[in-house]
Structures are given as structure tokens and as C-alpha cells.
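Report on the following structure.
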2 protein chains.
Amino acid sequence: MDNIDKRILEILQTDCLKTAKEMASELSLTTTPIYERIKKLEKAGYIKQYVALLDADLLGKSIVVFLNLTVKDHHVSKRTEFIQQMESLESITEFYHISGSYDFLAKARFSSIKEYRDFLVNDVASISNVSDIESQIVLEELKYSTKVII
Amino acid sequence: MDNIDKRILEILQTDCLKTAKEMASELSLTTTPIYERIKKLEKAGYIKQYVALLDADLLGKSIVVFLNLTVKDHHVSKRTEFIQQMESLESITEFYHISGSYDFLAKARFSSIKEYRDFLVNDVASISNVSDIESQIVLEELKYSTKVII
DNA sequence: ATTCGCTTATCAATATTATCCATTTTTAGT
DNA sequence: ACTAAAAATGGATAATATTGATAAGCGAAT
């Protein structure tokens, strides 16, 4: 993991369809070392996935909500069950165990307030271990990046 | 935006390096329509970016923190200045204006608690308009997906 | 029912790119 | 300076993306 590897990862985090040729000229190398370094970085697990990022607004999924949750029962089996139930909800895109006043933080995306309401009433309410929910509705997304600064 | 387009977007959100040939066989088409549909989806803005997702832990960036912030002055100029200052901090990967007890929510990533402390003391403390901060440190990432359900 | 115009598919040709290999160069340790 | 290991070069080829010409399907208007 030298400086060249880092620069390759930086480029891939911005545009993973950039050709080896283009990267080679940016980094003053030929295509082969670029190619081999990328393969090595993939095998070593530094690169987890290559994905397309979509415009959620254009797709009608413009409601984003952060849910702060506390649970009643912290025992292992109840906790595991709770986590599995939350993870299985496909509206939830991110889910974290956190420190602070709440136990868990979830990010979810909906196409309307009604859909969000239905999610609360039907999906979350059916999970028994939840003791408290506080929702933070996103009014504006000011920055969103998947980049890891290396 | 018909069903085929949706399936293409679903595939690209999971693996954007999948070849047109593979997608064509999955969707019972030939490569050309796949290729043209993808170009059309790109031009229409549905696809914002193609990126590599990295393993932050492997790269030594394993501390993730959510920061809940309130600001003192909500007037336009002060607010704009605050937003610009926050966005410019490269530790902050996500930044939202939210409803609820706090005004803003930020996600940040650090390589150590010390780096997080320095961020609080040096970077955030130098932003004058901040009245209150509550940090939620991520103890475990249970789910992370960039997918938009279509 | 028929024709026109539009959309979308297929097929085939070619331009690019990824991928691999043999050889050379560079690097780091002795 | 010498050696062994690592990394880069340049070129060959296999695969894929990209383009263009053409044909099929379909709804609207006649």
C-alpha cells in the first residue's frame, strides 16, 4: 500500500470506470502496473464493491429519515432478533449500533410521507423490542460522499 | 423508465462492472439495447456516479461518528457560512439539514479517537455559529448500502 | 384494415480496452 | 557493487464497448 496504490484508490472512489490507460497517464505509468495493482487491491479486500450511485430524487425516493431507537431488552437473543428484523427491512439502507442516549441509528428512504408513516405503523411497530423512537427527517442533503480519505 | 430500465439500475447498483453481455443474458436481450439504455439513463441523470466502495477498517479508518449540531444564528448569511465551513471539512462525509431537536446531522470518519478529538477541538470549535454538539459514536456498523429501492 | 412515424430490437463491423506474458528496469538489503 | 525480489515496460491477443445499418413491433390517424 504505497502512494501509487492510494492514488489509484482515490481515483476509483471518484470514477471506477476510468480506464487503465487514463489512470496510467495521470500517474505516469503504463497500463499493466495499474491493472495489476488494482487486481491486488481487490484481492486484498481494499475494494469491496463497484457500484452505480443513483439520483434518489429523480427516482421519486426523496424522503430520507434518520431513526434513533432504544430497545427494552438488551439480552443477546432479543438483541440479535431485533437486529435481524431491522436489517431485513429494505427501506433501511444503513443501520448502526451507537453510543449515547439512543442504542441504534437507522437511515431509511421513502417515496412519500405516507410510505414513511406506513413503515412506522406496520414495519417498525411490529418489532416488539423497541421502546423509543425519535425520527429526524432530512430537510436537505448538503453533502453525500462514499469516499474514505486515505 | 420501464421494467427493463429498473432491472438494469438494480444490477448496476450491485455491480457496475457487469458486462453488457452478462446483463443481456440475464434480461433476455442483446448487448446493444442494454448499452443504449444505460447511456440513456446516464444522460437523463438517473446514474450520478460509478464508484468503488472501499473497506474503511482495512484502511485504518474505523472510527465513525454522527454529530448532531444546533446553530446559534439562523439568518441566511450566517447559516450559509456555517454550511460552507462544515462541507469543507473532509472528515465529514455526509451532512444534512434535519428536523427535530437538532438542526444538522453530520457523519464523519476518523482513524483514531485522538483524530476525532483533534477534529472537535480544532476544526469544529473554530466554527463560531455552533451552539451545541452531541456525538454518537458508531460501535458497530450493522448494515450499509448505497442502493435506492426502485 | 392500412399506412405513417416512433421506439426499440437485432446483427455485424470496428474501435477500445482489458488481460497476459516475456523481458527489462528499478529497488532494497548485504 | 552485487544479488534477489519487486515492479515496470512494451507488445500480443482476447474480450468488450461502441457504432451504424436494418428490421420488427406498436399506437395513432386516416
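Letters A, B, ... are given to chains in the order of the sequence lines, protein chains preceding strands, and every chain is numbered from 1.
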Whole angstroms only, please: what is the [atom1]-[atom2] distance between [X] and [N]?
X: B:Asp5; N: C:dA9; atom1: CG; atom2: C1'; answer: 14 Å
X: A:Leu27; N: D:dT9; atom1: CG; atom2: C1'; answer: 16 Å
X: B:Asp2; N: D:dG25; atom1: CG; atom2: P; answer: 18 Å
X: B:Ile38; N: C:dT8; atom1: CD1; atom2: P; answer: 15 Å
X: A:Leu29; N: C:dT24; atom1: CG; atom2: P; answer: 20 Å

Pairwise N/O distances under 3.5 Å, protein to nucleotides 16-20 of chain C:
unit_1: C:dA18; atom_1: OP2; unit_2: A:Ala20; atom_2: N; d: 3.3
unit_1: C:dT19; atom_1: O5'; unit_2: A:Tyr35; atom_2: OH; d: 2.9
unit_1: C:dC20; atom_1: OP2; unit_2: A:Tyr35; atom_2: OH; d: 2.9
unit_1: C:dC20; atom_1: N4; unit_2: A:Thr32; atom_2: OG1; d: 2.9

Answer yes when [X] and [Y] have at least one side-chain N-carboxylate O distance shorter than 4.0 Å, and no when they do not.
X: A:Lys6; Y: A:Asp2; result: no
X: B:Lys18; Y: B:Glu26; result: yes
X: A:Asp5; Y: A:Arg37; result: yes
X: B:Arg7; Y: B:Glu10; result: no
X: A:Glu94; Y: A:Arg109; result: no

Next on the checklist: We want to know whether A:Asn68 and B:Gln136 form a side-chain donor-acceptor pair, criterion being a heavy-atom distance below 3.5 angstrom.
Outcome noted: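 Yes.
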Item to check | Inter- and intrachain pairs under ring pair (Phe, Tyr, Trp, His ring centres under 6.0 Å), touching residues 106-135 of chain A, at least two apart | outcome: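 Residue pairs with at least one partner in residues 106-135 of chain A: A:Phe110-A:Tyr116, A:Phe110-A:Phe119.
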Item to check | the helix from C:dA1-D:dT30 to C:dT30-D:dA1: angle between end helix axes, five pairs per end, rounded to 10 degrees | outcome: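 Between the first-five-pair axis and the last-five-pair axis there is 40°.
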Next on the checklist: Between A:Gln13 (side chain only) and A:Val148 (backbone N and O only), is there a donor and an acceptor less than 3.5 Å apart?
Outcome noted: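 Confirmed, A:Gln13 side chain pairs with A:Val148 backbone.
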